[in-house]
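First the proteins, then the strands, lettered A, B, ... as listed; each starts at 1. Fair warning: this is a prediction, and the values are worked out from it, not measured in the lab.
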Protein chains: 2
Amino acid sequence: MKIVELARPVHHAPDNPVLERLRRMGGLSAEDIDAFQRSLYPPRRLAPRATMMAELRFPTVQRALISGWAGRVRILSDGRRQLIELFIPGDIVQVASSTAAASPNDLVVALTEVASCAIEPTIWDEAPFQQLGRRLDWMATALLRNQVMRLGRQSAYERLGHLLLELRERQAAAGGDVRNVIAMPLTQEMLGETLGLTTVHLNRTMQQLRREMMVRSTRLGMELPDPETLARVTDYQPIEG
Amino acid sequence: MKIVELARPVHHAPDNPVLERLRRMGGLSAEDIDAFQRSLYPPRRLAPRATMMAELRFPTVQRALISGWAGRVRILSDGRRQLIELFIPGDIVQVASSTAAASPNDLVVALTEVASCAIEPTIWDEAPFQQLGRRLDWMATALLRNQVMRLGRQSAYERLGHLLLELRERQAAAGGDVRNVIAMPLTQEMLGETLGLTTVHLNRTMQQLRREMMVRSTRLGMELPDPETLARVTDYQPIEG
DNA sequence: CGGCTAATTGATAAATTTCAAGGGCAGTGG
DNA sequence: CCACTGCCCTTGAAATTTATCAATTAGCCG
């Protein structure tokens with residue numbers, strides 16, 4: 001058995017969730033995947049709370065998130081914080097250098113310990129990757145639109161359930177194999193900052209989801225025992241790639 | 001005087017807000033602008049409430065908004081509506097054909113009478129337009145992130161003021177010249193659906209802005225007599241292109 | 001003058017925040 | 001080993017914001 005494992009092509013079981021995600025998206029040959037892998041620079045680690053930035057000589061740069069979670073955060077003048085979007089392993093993050101003309105807000109910060117690789121920008125010029133890039137951008141925008149819908153029109157209960165389902169789908173797309181179990185390294189405070197809720201209210205809402213058996217906390221993550229019902233209740237619809 | 005007017009190059013005073021916006025963004029030659037203009041198909045009109053769709057043979061298509069306002073709308077199963085984003089003259093709208101695999105929600109609908117031109121997609125392959133396209137995409141996401149911040153972290157008062165300032169900046173970028181006066185063809189119900197507020201509450205909030213002399217209604221629009229103060233109060237920061 | 005749609009108002013209910021505090025648990029150093 | 005500290009989760013009570021419900025008014029157009 002071990003021999004069979006080793007005989008597999010490299011791209012078949014990468015421990016890199018970005019590659020796994022591309023593989024599952026389909027439309028790429030094994031050579032394409034390898035080419036993409038070669039366009040990744042060595043990973044760099046970041047401690048929680050550290051800001052993810054582009055090299056100083058670039059205004060904006062893409063990094064492939066290998067492990068850990070990050071988020072784009074905006075801070076208001078009185079200290080209120082909003083996590084605009086969450087990044088999980090497998091995501092490609094557009095980061096700006098803080099010195100660039102970019103606003104000092106909207107920075108990408110590590111929410112846990114993070115490892116990420118810079119991506120050689122020219123990779124996107126090649127034939128199969130140009131379309132791929134568009135598709136990834138489109139999916140990222142779809143997530144932002146989900147976020148707007150949650151914050152604008154849903155109750156706390158719906159918001160949280162909807163977000164958890166979205167994270168489940170995203171994790172599944174990047175190689176998370178255990179169905180209905182998702183990783184959840186965020187504190188309730190971070191979840192609240194994402195969903196536009198106070199920590200207190202997020203806590204009570206989470207308890208309600210647990211009471212109703214829609215969520216079960218496990219070590220290092222949570223289980224969604226009945227995603228179909230939760231999806232119905234929270235109007236969740238899968239993200240179409 | 002009339003003769004001087006006619007002698008001007010065509011691209012200098014187009015009645016097409018999309019061209020005007022590109023011109024003001026800078027970095028494009030007069031020939032580039034003309035090339036872009038040639039990539040526009042004849043405008044098509046749409047009545048309010050009508051859905052803007054791509055041709056059936058395309059999954060997704062871009063249309064340049066010439067006049068009137070549109071919005072991307074999501075409708076929940078119980079009828080709640082969220083206007084995800086607003087489109088004003090000068091914007092380029094990514095529309096999907098409703099029959100495409102795209103979800104039946106997230107359609108682009110005309111909020112007023114609208115005129116828009118399809119864009120020949122190959123225009124974006126050419127040299128100066130590839131970068132331009134990226135920049136336009138980036139600005140569009142910046143608007144979405146603004147929207148997330150408003151809905152997630154701001155009070156009704158802040159949300160409305162912030163949105164009005166954003167619309168002012170966008171209108172100025174597309175040729176609206178009258179400073180501090182913006183067009184506002186939306187009903188209070190539509191504004192509420194954008195800002196995640198009920199019509200009733202939006203109305204009261206608008207009255208408060210008027211009471212405090214932050215907004216003055218004029219025929220077909222509104223005036224923001226003191227945008228600097230309003231920007232400070234609502235944490236508004238200009239969109240960096 | 002109807003007949004529409006949009007704006008406005010008042011009273012009440014519901015969702016969410018705020019404030020203040022307590023409890024669990026892991027790491028750390030005496 | 002135990003006290004100590006920091007971080008996170010949890011709880012209760014009260015205040016605030018926003019939604020809901022139900023009319024009423026204002027404009028506009030044919």
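In this structure, A/Gln207 atom CD and C/dG23 atom C1' are separated by 13 Å, rounded to whole Å. At whole-Å resolution of the value, CZ in B/Arg49 and P in C/dC4 are 14 Å apart. In this entry the distance linking NE2 of B/His201 with P of C/dG10 reads 16 Å, nearest Å. Rounded to a whole Å, the CE atom of A/Met190 is 11 Å from the C1' atom of D/dC7. In this structure, OH of B/Tyr157 is placed 18 Å from C1' of D/dT16, rounded to the nearest angstrom. Spacing between atom CG of B/Leu191 and atom P of C/dT8 amounts to 12 Å, rounded to whole angstrom units. One interatomic measurement links the two molecules: CD of B/Gln154 to C1' of C/dT16, which rounds to 17 Å at whole-angstrom precision. A/Glu189 has its CD atom 13 Å from the P atom of C/dT18, to the nearest Å.
B/Gln147 and B/Arg150 are linked by a side-chain donor-acceptor pair at a separation below 3.5 angstrom, with hydrogens and angles left out of the test.
Comparing A/Arg153 and A/Thr199 along DNA chain D, the residue whose closest nucleotide (by nearest heavy atom) sits nearer the 5' end is A/Thr199.
Annotation: side chain of A/Leu111 is not in contact with side chain of A/Pro185 (no heavy-atom distance under 4.5 Å). A/Leu195 is not listed as a side-chain neighbour of A/Thr205, based on a closest heavy-atom distance of 4.5 Å or more. Side-chain atoms of A/Met184 and A/Leu191, non-hydrogen and from C-beta on, do get closer than 4.5 Å to each other.
Partner of B/Tyr236 under the side-chain hydrogen bond (donor to acceptor under 3.5 Å, both in side chains) criterion, out of B/Glu169, B/Glu228, B/Arg168: B/Glu169 alone.
Dashed line: the shortest gap from a side-chain N or O of A/Arg204 to OP1 or OP2 of C/dT18 is not under 4.0 Å. Taking side-chain N and O atoms only, B/Arg80 has no distance below 4.0 Å to OP1 or OP2 of D/dA19. At the phosphate of C/dA7, neither OP1 nor OP2 sits under 4.0 Å from any side-chain N or O atom of B/Asn203.
For B/Gln188, counting side-chain heavy atoms from C-beta on, the closest listed nucleotide (C/dA7, C/dT17, D/dA19) is C/dA7. Proximity note for B/Val200 (side chain, C-beta onward) versus D/dT18, D/dA22, C/dT16: the nearest is D/dA22.
Within 4.0 Å of B/Arg210, counting heavy atoms only, lie sugar-phosphate atoms of the nucleic acid but no base atom. Residue contacts for A/Thr187: at a heavy-atom cut-off of 4.0 Å it reaches the sugar-phosphate backbone alone, with no base atom in range. Residue A/Gly196 is in sugar-phosphate contact alone, with no base atom involved, counting any heavy-atom pair closer than 4.0 Å across all strands shown.
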